[in-house]
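These notes are about the structure you will find just below.
Because the structure is a prediction, the values reported are computed rather than measured. Each chain gets a letter, A, B and so on, in the order its sequence line appears, and its residues count up from 1.
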Amino acid sequence: VHCHTADQYTLKTELYEMCWNLRDGLRDCLVAAAPYGGPIALLREPHRRSPSSRPQLEIYSASGNSLASFPWKSGPVVQLGWTVNDELLCIQEDGTVLIYDLFGSFKRHFSMGQEVVQSQVLEAKVFHSPYGTGVAIVTGSSRFTLATNIDDLKLRRLPEVPGLQGAPSCWAVLTQDRQTKVLLANGADLFILDNTSCTAVSPPGLSPQVSSIVHMSVSFSYKYLALFTDTGHLWTGSAHLQDKLSEVDTKIRNPPKQMVWCRRPKSQQPSVVLMWDRLLLVAGVCNDIIQFPVEEQCVCVGELDGVRVVSSSRQELLQEVPLVCQEIFKIASMAPGALLLEAHREYEKCSQKADEYLREIKEQSMLGEAVRQCVEAAGHEYDIQTQKTLLRAASFGKCFLTDFSPDSFVATCRELRVLNAVREAGVGLPLTHSQFKQMTVQVLIDRLVYRQFYPLAIEICRYLKTPDYQGVSRVLKHWASCKVQQKDLSDEAIARAVCLKVGDSAGVSYSHIAAKAYECGRTELAIKLLDYEARSGEQVPLLLKMKRSQLALSKAVESGDTDLVYTVVTYLKNEMNRGDFFMTLRNQPVALSLYRQFCKLQEQDTLKDLYNQDDDHQELANYYVTASYREKVHSKYCTVYYTATEDEMRLLRFQRKLDDEKGAGLLGLSLQATMEALLALGLHKQAEQLYRDFRVPDKRYWWLKLKSLAEKEEWEELEKFSKSKKSPIGYLPFVEVCMKRHNKHEAKKYVSKVPPEQKVKAHLAVGDLEGAADAAIERRSEAEMGRCLLVAPPPTGC
Amino acid sequence: MAAHLSYGRVNLNILREAARKELREFLDKCAGSKAIVWDEYLTGPFGLIAQYSLLKEHEVEKMFTLKGGRLPAADVKNIIFFVRPRLELMDIIAENVFSEDKMHSPRDFHILFVPRRSMLCEQRLKEQGVLGSFTNIDEYILDLIPYDGDLLSMESESAFRECYLENDQTSLYHTAKGLMTLQALYGTIPQIYGKGECARHVANMMLRMKREFAGSQNQILPVFDTLLLLDRNVDLLTPLATQLTYEGLIDEIYGITNGYVKLPPEKFAQKKQGETGKDLPTEPKKLQLNSAEELYAEIRDKNFNAVGAALSKKAKIISAAFEERHNAKTVGEIKQFVSQLPHMQAARSSLANHTSIAELIKDITSLLYYNKTSCNSLVSASEAFFDNLTVEQEFMTGVDTDKVNTYIEDCIAQKDPLIKILRLVCMQSVCNNGLKQKVLDYYKREILQTYGYEHMLTLNNLEKTGLLKPQTSSRNNYPTIRKTLKLWMEDANEQNPNDISYVYSGYAPLSIRLTQVLARPGWRSIEEVLKMLPGPHFEERQQLPAGLHKKRQQGENRTTLVFFLGGVTYAEIAALRFLSQMEDSGMEYIIATTKLINGTSWIKSLMDRPESQSP
């Protein structure tokens with residue numbers, strides 16, 4: 001129905017014949033209907049208190065499909081409201097807020113403050129802001145309390161309002177400048193209440209005869225404010241109370257039952273819908289009023305771009321007609337879109353008029369604009385036939401354009417397909433295109449998921465090609481979380497079903513699902529599900545929570561994240577007795593090695609116990625070696641290195657003895673160093689003794705003695721030593737050692753003793769080039785000859 | 001500043017930039033002036049990511065080294081601890097924080113864990129009662145650090161020790177995480193090959209992590225075609241051998257840490273006329289070594305014997321370039337000459353530096369060196385180097401590996417540095433697939449008697465890692481491996497190499513042969529040998545999203561990332577670069593590792609000194 005007022009169109013679209021069957025209509029009910037085509041909650045006769053006849057709480061989809069219905073057994077309810085996550089808030093007189101899900105299962109509750117129990121809630125409002133869903137109440141002692149976000153509950157008690165007794169005549173919650181405030185009227189006085197102050201304000205241009213403001217309403221975007229006065233005037237203006245838009249005399253003195261803003265974003269002609277028992281009135285800014293008679297009791301639901309009017313038999317959407325639709329459908333419109341639509345119509349009739357229309361558009365070079373208009377208008381249309389007509393016209397027009405981007409056309413087609421699917425009464429989400437754009441696909445998917453329309457949600461995700469982790473995976477996750485709560489199925493069956501559906505869909509966290517199962521008390525199921533979790537790291541915290549520490553440990557090890565392993569180990573260490581703890585570690589070599597490292601640095605004593613338990617003699621030995629060096633005491637445990645250790649202890653005894661006798665300062669030196677020191681001190685006999693006792697190889701001893709003698713330049717001793725028996729290291733070392741001390745004379749003594757194959761080297765070492773050359777020639781070795789040549793100084797001095 | 005990272009086949013600067021961005025973001029999180037307290041170990045690796053100037057731009061005014069007791073005074077708003085997640089460091093931090101608290105200073109404390117935050121450490125801070133004092137506790141994921149245009153390193157010194165000795169796989173976890181980061185930036189690597197237990201473990205973790213993040217499919221066209229994971233313990237031999245490339249020798253002799261080398265200053269003295277011998281600098285000369293230096297990039301991977309020729313050729317080119325100025329006649333020509341001058345001067349100073357380094361090395365390595373005045377000591381130094389090399393080559397060719405080696409005996413008798421002895425003994429053991437019990441016992445006894453009983457722990461460690469072992473099976477399979485993989489090439493051409501064996505003047509590194517065979521003809525051809533080497537070998541494929549399959553141009557090279565778990569030597573890198581440059585190889589290699597090592601630093605990391613453990 002297109003209704004004509006002075007210069008605007010208001011459109012009333014029927015959304016649904018309601019599926020519900022309400023015997024008494026909406027009379028005597030607390031009703032809460034959520035925006036964005038959200039669910040509707042009814043609490044019938046909320047004031048009934050007797051236990052024999054309790055009020056009934058009913059939850060319906062927007063199309064009237066029953067989702068839940070149960071008798072209300074808690075305290076008296078003042079207000080119902082919906083959160084952005086489709087949860088139902090029931091605000092009780094005593095300030096308790098109970099939260100239910102769409103299907104009426106209780107989720108949790110919170111309180112609006114202790115003092116409220118005494119003073120009681122007089123009125124309450126649920127509001128939405130960028131911070132989430134909030135609750136505001138006014139108590140019997142005329143004080144306001146706010147909670148801006150119920151998921152992060154922080155109660156704010158607002159300052160007192162001067163002169164206010166009981167409830168104000170009307171009030172509203174505003175979100176302005178990132179602050180949530182309360183606007184309230186006490187008689188003709190308006191106040192703004194924020195965290196710290198209560199400020200009196202006055203709307204500009206409100207006629208002075210007003211003795212009371214009886215109703216007020218804030219627009220969906222919190223930008224506009226409407227006030228209804230006891231004189232029957234409707235004042236509209238900005239919510240900042242800076243400007244006035246208009247003032248209309250409705251000629252009706254009694255206050256409306258509901259008053260809701262009806263405007264679409266960017267619209268220039270906002271209007272307000274007022275509702276009385278038998279009358280619906282749309283008041284525009286231009287002082288025009290349209291009246292709709294109503295036969296039955298209705299509820300108005302403010303939307304982003306209109307107002308839904310729900311009655312017991314039907315639901316309608318009141319909307320300002322979008323500009324583009326006005327242009328196309330206005331009678332005798334010459335807008336390009338209108339002409340294109342006409343052209344297409346003629347084309348389908350096979351009439352040549354199609355060409356004329358097209359020409360006309362093309363002459364103005366408006367074909368692109370025409371297509372755009374048709375596409376946009378189709379988006380706004382609720383009727384599927386009209387959508388099709390418009391889109392076909394657009395598609396027809398597109399054929400005559402060469403470089404027109406098809407994106408908007410394709411997107412609109414897709415989105416309309418989705419919208420039409422969710423608008424179906426069976427689903428019952430009467431979303432307009434603008435609402436859909438505003439809420440985004442993700443939120444739409446969430447809403448479908450809350451309603452358990454899993455297949456539809458998945459189909460939409462796939463159809464719109466939503467990335468898995470935002471789309472299908474999320475749906476599956478929710479589905480699985482819901483599935484694990486099904487009490488009638490066995491753990492085995494559920495686990496199998498979940499695994500079958502979820503498979504290894506990317507981004508579905510099995511640990512999340514398992515946590516849900518655990519929350520419902522199904523530990524076994526949780527463990528089964530955790531098995532499917534790819535991220536071992538994710539499994540660990542839950543396993544620990546469920547006291548499956550062994551499993552947690554092996555999962556931590558599996559993840560490769562050593563920090564996680566350490567975490568579990570520390571946890572186990574505190575939880576278990578030592579024996580069990582060690583046994584557990586023993587089955588997990590990786591964890592055991594990590595724990596050993598930890599102990600090496602932090603708990604040396606535990607280390608010993610660990611090795612002991614494992615009968616790890618080798619490590620135990622190492623431990624004692626380390627410990628003994630630390631404490632400078634040697635012990636005898638080191639069975640593995642038994643001989644070496646025996647030797648070491650013998651050496652130590654020897655060193656101690658000699659230190660005592662001669663003050664030689666040998667303790668702690670190696671055997672070699674000890675002998676070196678002894679030789680240096682001239683204690684040849686003792687050195688000899690060690691050499692024999694410890695079966696030091698001849699070679700090494702000869703080297704030692706040779707170096708020691710050369711060091712002290714005891715050349716005679718050296719010569720004697722060289723002749724003591726055949727040198728096991730040959731005589732080249734003798735040559736070299738002497739040269740090191742720059743004693744060519746001594747060195748030469750040994751050159752002759754060097755065997756032929758080392759002769760060249762020996763001669764070279766003492767700098768005897770000729771001798772070297774002779775030796776090389778004698779040996780007929782080209783390589784050695786070459787070596788001599790290379791070492792030889794260049795013929796012409798350098 | 002880090003342009004050399006972007007010249008290669010794969011632009012590693014992307015990784016560096018990502019790391020820098022993250023660092024800046026963290027620093028900006030702590031508003032106001034700041035002081036950084038460094039875990040000393042981290043300063044080197046961080047130097048490869050960001051210079052002080054970057055920190056300064058973000059209001060870092062002071063830097064301290066983490067140590068117990070009180071923090072040095074600093075007039076700053078924030079104190080940030082940059083630390084590895086280690087318990088002992090947490091205790092020091094707690095001490096620092098306590099002393100500050102006592103003074104009621106109004107500073108904000110922050111911790112940045114590198115490379116990963118740890119619950120264990122946070123728990124420790126909590127026990128110490130200081131966890132609440134920290135405004136920010138964050139992690140800075142620094143796994144793979146771009147080291148050069150084709151080289152990534154985790155700079156994790158103890159990785160080999162942890163993995164193969166202590167069975168602590170933390171570094172492998174970081175490796176897997178690092179490879180995931182790499183794939184996030186450079187695309188999923190479609191093929192993974194590996195050899196060794198640790199390689200298997202890393203690959204498993206990578207596949208697992210991929211499953212975990214499967215939701216967010218990587219849409220980047222893969223840069224790497226293949227990843228090859230190699231355990232260091234598959235090839236224990238190579239690092240034990242003395243590297244004979246220019247860069248390898250610098251590392252062997254002076255040690256390169258975090259891309260810098262410290263050299264004895266004498267050769268670098270500015271020789272000015274009139275002041276000979278005066279004021280010799282005493283501070284070691286510190287040089288940065290990477291491919292940003294044109295000359296160095298040219299000669300680093302050459303066999304040292306070919307470096308001299310390369311240097312003199314370069315010298316001629318440079319002096320010819322300077323001669324050009326005489327030909328410059330017109331103003332335009334002179335202007336052009338002048339504009340090239342800075343580049344030429346840089347080249348000249350680079351040439352001077354490397355000539356000095358080459359001389360230093362030559363003094364030690366070359367038998368061809370003779371100088372009358374100091375002949376004796378030098379001849380013996382180079383003699384020792386030569387003898388050592390001879391023994392190494394004997395072992396590698398399988399000569400007398402089953403007997404006690406006299407050279408080793410002599411070295412022990414002369415009490416040469418223990419690490420040198422251990423390198424040789426281990427090499428003999430590896431080349432003989434374990435030593436006869438009698439031989440092993442003899443060496444052990446010799447070492448314990450000469451160097452001290454406390455080295456028992458070290459010997460024990462070497463045995464645990466398989467570097468030193470008693471022969472168990474009677475068959476020594478090393479010769480088979482050597483022959484199949486052609487590990488020894490008799491006629492290695494050092495000047496104009498035609499095979500990777502030039503990097504060790506005859507020995508072709510086993511690890512690189514495996515890499516080479518994998519590229520062509522494939523591992524299937526060497527199944528037998530692979531079975532003889534420790535650990536499993538495997539192949540995995542990672543599914544690519546449709547549309548990311550590369551369409552390869554004719555003749556376009558494939559790119560392989562070779563990851564050495566437990567360290568890689570410069571000579572091995574040189575060999576891989578050589579393979580990349582070979583015209584017909586069709587493969588380019590990017591190298592990644594836990595740490596750049598040489599035999600000395602590697603053995604050192606496995607040594608245990610009881611004293612040092614005492615608290």
### Step-by-step side-chain contact (heavy atoms from CB on, under 4.5 Å) determination, A/Lys699 to B/Asp410
CA-CA 7 Å; A/Lys699 273 188 184 176; B/Asp410 288 351; 4.3 Å; yes

### Task
Applying side-chain contact (heavy atoms from CB on, under 4.5 Å), run through B/Gln449 and A/Gln672 and close with a yes or a no.
CA-CA 6 Å; B/Gln449 288 195 351; A/Gln672 184 85 349; 5.7 Å; no

### Query
Would A/Glu648 and B/Met456 satisfy side-chain contact (heavy atoms from CB on, under 4.5 Å), going step by step from the backbone distance to the final call?
CA-CA 11 Å; A/Glu648 176 68 8; B/Met456 193 143 71; over 6 Å; no

### Task
Using the side-chain contact (heavy atoms from CB on, under 4.5 Å) rule, take B/Leu120 and A/Thr570 through it: C-alpha gap first, then chi angles, then the decisive distance, then the call.
CA-CA 8 Å; B/Leu120 195 67; A/Thr570 329; 3.4 Å; yes

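Ranked by heavy-atom pairs shorter than 4.5 Å toward chain A, the options B/Lys464, B/Gln414, B/Glu409 are led by B/Gln414. Each of B/Arg124, B/Arg117, B/Gln123, B/His174 has some count of heavy-atom pairs under 4.5 Å with chain A, and the biggest count is that of B/Arg124.
The part of B/Met205 that comes within reach of chain A is its side chain, from C-beta onward, which places non-hydrogen atoms under 4.5 angstrom from that chain. Heavy atoms of A/Tyr701 lying under 4.5 Å from chain B are absent altogether. At a 4.5 Å heavy-atom cutoff, the contact between A/Val696 and chain B is made by backbone and side-chain atoms alike. If you measure heavy-atom distances from A/Thr674 to chain B, you find no contacts under 4.5 Å at all.
With sequence neighbours excluded, no residue forms a ring pair (Phe, Tyr, Trp, His ring centres under 6.0 Å) with A/Phe654. In this structure A/Lys744 satisfies the side-chain hydrogen bond (donor to acceptor under 3.5 Å, both in side chains) test with no other residue, sequence neighbours excluded.
The CZ atom of A/Phe598 sits 13.0 Å away from atom CG of B/Asp168, with the distance rounded to the nearest 0.5 Å. In this structure, CE in B/Met209 is found 8.0 Å from CG in A/Asp561, a value given to the nearest 0.5 Å.
Between B/Tyr453 and A/Leu651, the closest side-chain pair of non-hydrogen atoms is not below 4.5 Å. Between B/Arg445 and A/Arg695 there is a side-chain heavy-atom pair separated by less than 4.5 Å.
Salt-bridge formation is detected for the pair B/Arg208/A/Glu558: a Lys NZ or Arg NE/NH1/NH2 atom is positioned less than 4.0 Å from an Asp or Glu carboxylate oxygen. Salt-bridge annotation for B/Glu446 and A/Arg700: present, with a side-chain N of the basic residue lying under 4.0 Å from a carboxylate O of the acidic one.
A donor-acceptor pair under 3.5 Å links the side-chain atoms of A/Asp563 to the main chain of B/Met119, judged by distance alone.
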